[in-house]
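These notes concern the structure reproduced below.
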Amino acid sequence: MELTRVIVILAQCVWPSWTQVIHLTDMYGTIKSPNFPESYPKEINQQWNITVADGYKIRLYFMHFNIEPSYLCEYDYLKVYSDSEELAVFCGKESTDTEQVPADNVIMSPRNVLSVAFRSDFSNEERYSGFEAHFSAVDVDECRDRNDEDLVCDHFCHNYIGGFYCSCRYGFLLHSDNRTCKVECNEKVYTERSGEITSADFPEPYPKSSNCTYRIELEEGFQITLEFDETFDIEDHPEITCPYDFIKINAGDKDFGPFCGEQSPGKIQTRSNIVNILFHSDSTGENLGWKLTYTSTGSECSPLAAPLNGNLEPLQSNYIFKDHITLTCDPGYSLRQGDKEFEHYQIECQRDGKWSSDVPLCKKKESQRRHHSLTSILTNKMLS
C-alpha cells in the first residue's frame with residue numbers, strides 16, 4: 001500500500017504541466033482520444049474547446065468509452081465542462097459499475113460553449129482503447145426556455161433557428177433593447193373640467209422603459225384638485241426614495257413627489273389651473289400602476305338677489321367662475337338698464353370673482369304705463 005502511494009505521488013510530480021488545446025468552431029464534429037481505436041498513449045493532457053454561434057447549445061454523446069478505471073477517476077479521466085461549470089467526469093468502461101461512464105447519456109451544454117478535457121497518467125498497462133464522441137449544435141428555443149431574464153420578451157416572442165425576436169401589442173413600441181415594450185404617451189392634454197387619468201394598462205402592470213407626460217390645462221380662474229385611487233403600486237426601494245419608477249407633479253411654482261411604493265398620495269390641492277404629471281418607469285418590474293381623478297373649482301362670486309318683481313335662474317347658494325345667471329321679470333315688467341329694455345338678461349361669474357354686470361331693475365313696460373295713465377285720466381274726469 002505504501003509503495004502504491006509513493007508511485008502515485010511520483011506520478012503527480014512528473015505529470016505534464018502543458019495541455020494541448022484544440023479549438024473547434026464547426027456546427028458538428030467528432031472527438032476521439034489520441035490513436036483511437038488503438039489504445040491511447042500515457043501522459044496525455046488534451047482539451048477540445050467547442051464554440052458554436054449564439055442562439056445554440058451543444059449536444060455531446062459517446063459512441064465508445066473505455067478508459068482506465070480508478071476510484072473517483074484519480075488516474076485517467078475525461079472531464080466535460082462549460083466555462084467554469086463542471087458537467088461530468090468519466091472513467092472506466094461499460095462492463096463495470098464502479099465508475100461513472102457516459103453510456104447512452106446525452107450531455108447538453110447550458111450555453112454555446114463546451115470543453116472536453118482528457119488526461120492519462122504515466123501507465124496504461126491494459127491498453128485501454130479510449131473514447132469516441134460526437135457533438136452537434138442544437139437550436140435554442142429562447143421563447144420556450146426563458147432561462148435568462150435578459151432574453152424574455154415583454155409581449156410576444158418569436159423563435160427562429162439561431163435566435164429570436166420580440167414584438168409588441170398594438171399601441172406599444174419596441175424599446176432599443178429589442179425586448180421591452182414601451183408606450184408613446186408624451187404631452188397628452190386634458191382640457192375638460194374633470195376627468196380620469198391612469199397608467200397604461202391599469203390595473204395590469206404598466207409598461208417598462210417609458211416616460212409619460214400628462215398635462216391638465218384649464219382656463220385661468222380654475223384650480224385643479226387631484227385624488228389618487230387607493231390602488232397604488234409603483235416599484236420602490238426600501239432605503240432610497242423612488243430610484244426606479246416614480247410620479248412627479250408640477251403645478252405652477254409648486255412640485256409634488258416623487259411618489260412610489262404602495263401608499264397612495266391621496267388628495268392633492270394644486271391651487272393651479274395647469275398641472276403637469278410625469279410618470280417614469282425603468283426596464284424592470286411588474287407593478288400594477290396608478291389611477292387618479294381630477295376635479296376643478298373656480299373663483300367664487302358673491303350670491304345675488306332677484307330684482308323686485310323679477311326672478312333669477314338657477315338659484316344657488318354659491319356661484320363659481322363660468323357660472324351663468326339668467327334674469328327675467330314678472331308679467332307686465334321688463335328689465336331696464338339705462339335706456340335699454342330687455343325681456344331677459346344674462347350675467348356671468350368671472351375669473352376675478354366679480355359678476356360681468358350689475359343686476360338690472362324690473363320696471364313696468366311702456367304700454368302698461370300708458371294704459372295706466374289713460375285709465376287715471378278718464379276716472380278723474382268722471383269723478384269731476
Side-chain angles (χ1 to χ4, degrees), residues 142-143 146 148-158 164-218 222 224-238 240-252 254-270 272-296:
E142 292 88 353
C143 300
R146 297 193 173 202
D148 189 340
E149 185 177 345
D150 290 338
L151 300 181
V152 178
C153 297
D154 257 4
H155 291 176
F156 304 118
C157 182
H158 311 274
F164 75 104
Y165 69 94
C166 302
S167 67
C168 301
R169 298 198 304 270
Y170 178 78
F172 291 77
L173 296 175
L174 193 63
H175 192 266
S176 58
D177 63 7
N178 293 322
R179 178 181 68 85
T180 305
C181 292
K182 64 177 185 175
V183 290
E184 281 295 327
C185 50
N186 287 333
E187 293 300 333
K188 187 170 184 180
V189 180
Y190 296 80
T191 57
E192 299 295 325
R193 290 177 58 177
S194 62
E196 181 179 284
I197 305 173
T198 69
S199 55
D201 283 356
F202 181 86
E204 299 299 320
Y206 52 78
K208 304 178 181 69
S209 302
S210 297
N211 285 295
C212 297
T213 302
Y214 309 89
R215 182 178 176 88
I216 308 171
E217 188 171 338
L218 305 182
F222 286 109
I224 298 168
T225 299
L226 308 177
E227 185 159 10
F228 282 87
D229 194 82
E230 289 184 1
T231 302
F232 187 87
D233 181 23
I234 297 177
E235 186 181 11
D236 64 354
H237 189 280
I240 304 172
T241 302
C242 305
Y244 307 130
D245 304 348
F246 55 80
I247 283 183
K248 289 182 179 179
I249 298 168
N250 170 260
K254 295 184 291 294
D255 293 314
F256 303 89
F259 301 112
C260 62
E262 297 180 357
Q263 182 64 46
S264 170
K267 182 179 288 189
I268 299 175
Q269 301 280 3
T270 69
S272 174
N273 65 307
I274 297 177
V275 174
N276 292 297
I277 302 166
L278 169 65
F279 178 51
H280 168 80
S281 63
D282 66 3
S283 59
T284 62
E286 289 291 328
N287 299 78
L288 301 181
W290 52 272
K291 169 185 172 182
L292 68 83
T293 55
Y294 74 88
T295 54
S296 60

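Note that the numbering runs from 1 along the sequence shown for the chain.
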About how many Å separate [atom2] of [Y] and [atom1] of [X], when rounded to the nearest 0.5 Å?
{"X": "D236", "Y": "C242", "atom1": "CG", "atom2": "SG", "value": "7.0 Å"}
{"X": "L292", "Y": "D229", "atom1": "CG", "atom2": "CG", "value": "9.5 Å"}
{"X": "E235", "Y": "D282", "atom1": "CD", "atom2": "CG", "value": "5.0 Å"}
{"X": "D233", "Y": "Q263", "atom1": "CG", "atom2": "CD", "value": "12.5 Å"}
{"X": "F202", "Y": "N287", "atom1": "CZ", "atom2": "CG", "value": "12.0 Å"}
{"X": "I277", "Y": "R215", "atom1": "CD1", "atom2": "CZ", "value": "11.5 Å"}

In this structure, are over 12 heavy atoms from other groups packed under 6.0 Å from K254 atom NZ?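 Buried by this count: over 12 neighbours within 6.0 Å.
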Answer yes or no for C143 and C153: SG-SG distance under 2.5 Å. no
Side chain to side chain contact (heavy atoms under 4.5 Å, CB included) partner of V275, the single match among T225, N250, I249, I268: I249
Identify the two heavy atoms, one from [X] and one from [Y], that lie closest to each other, and give their separation to 0.1 Å.
{"X": "Y214", "Y": "T198", "answer": "OH-O, 3.7 Å"}
{"X": "S199", "Y": "L288", "answer": "OG-O, 4.1 Å"}
{"X": "Y294", "Y": "E192", "answer": "OH-O, 2.9 Å"}
{"X": "R179", "Y": "C166", "answer": "CA-SG, 3.9 Å"}
{"X": "T180", "Y": "S209", "answer": "CG2-OG, 3.6 Å"}

Between the main-chain N or O of K182 and the side-chain N or O of H175, is there a donor-acceptor pair closer than 3.5 Å?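 Not at all, since once roles are kept as given, no pair shorter than 3.5 Å links the two residues.
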Measure from the side-chain N and O atoms of N273 to the backbone N and O of L218, and report whether any donor-acceptor pair falls under 3.5 Å. yes
State, with a plain yes or no, whether a side-chain heavy atom of [X] is found less than 4.5 Å away from one of [Y].
{"X": "C168", "Y": "L174", "value": "yes"}
{"X": "S167", "Y": "H158", "value": "yes"}
{"X": "P207", "Y": "C181", "value": "no"}
{"X": "D201", "Y": "Y206", "value": "no"}
{"X": "T270", "Y": "I216", "value": "no"}

Is any side-chain N of the basic residue among K208 and E286 closer than 4.0 Å to the acidic one's carboxylate O? yes
Parallel, tilted or perpendicular: which one describes the rings of F232 and F228, with boundaries at 30° and 60°?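 Perpendicular, since the angle between the ring planes exceeds 60°.
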For F279 and W290, what are the C-alpha separation, side-chain angles and deciding distance, and is it a ring pair (Phe, Tyr, Trp, His ring centres under 6.0 Å)? CA-CA 10 Å; F279 178 51; W290 52 272; 5.7 Å; yes
Compute whether any side-chain donor of one residue and acceptor of the other, for E196 and T293, lie under 3.5 angstrom apart. no
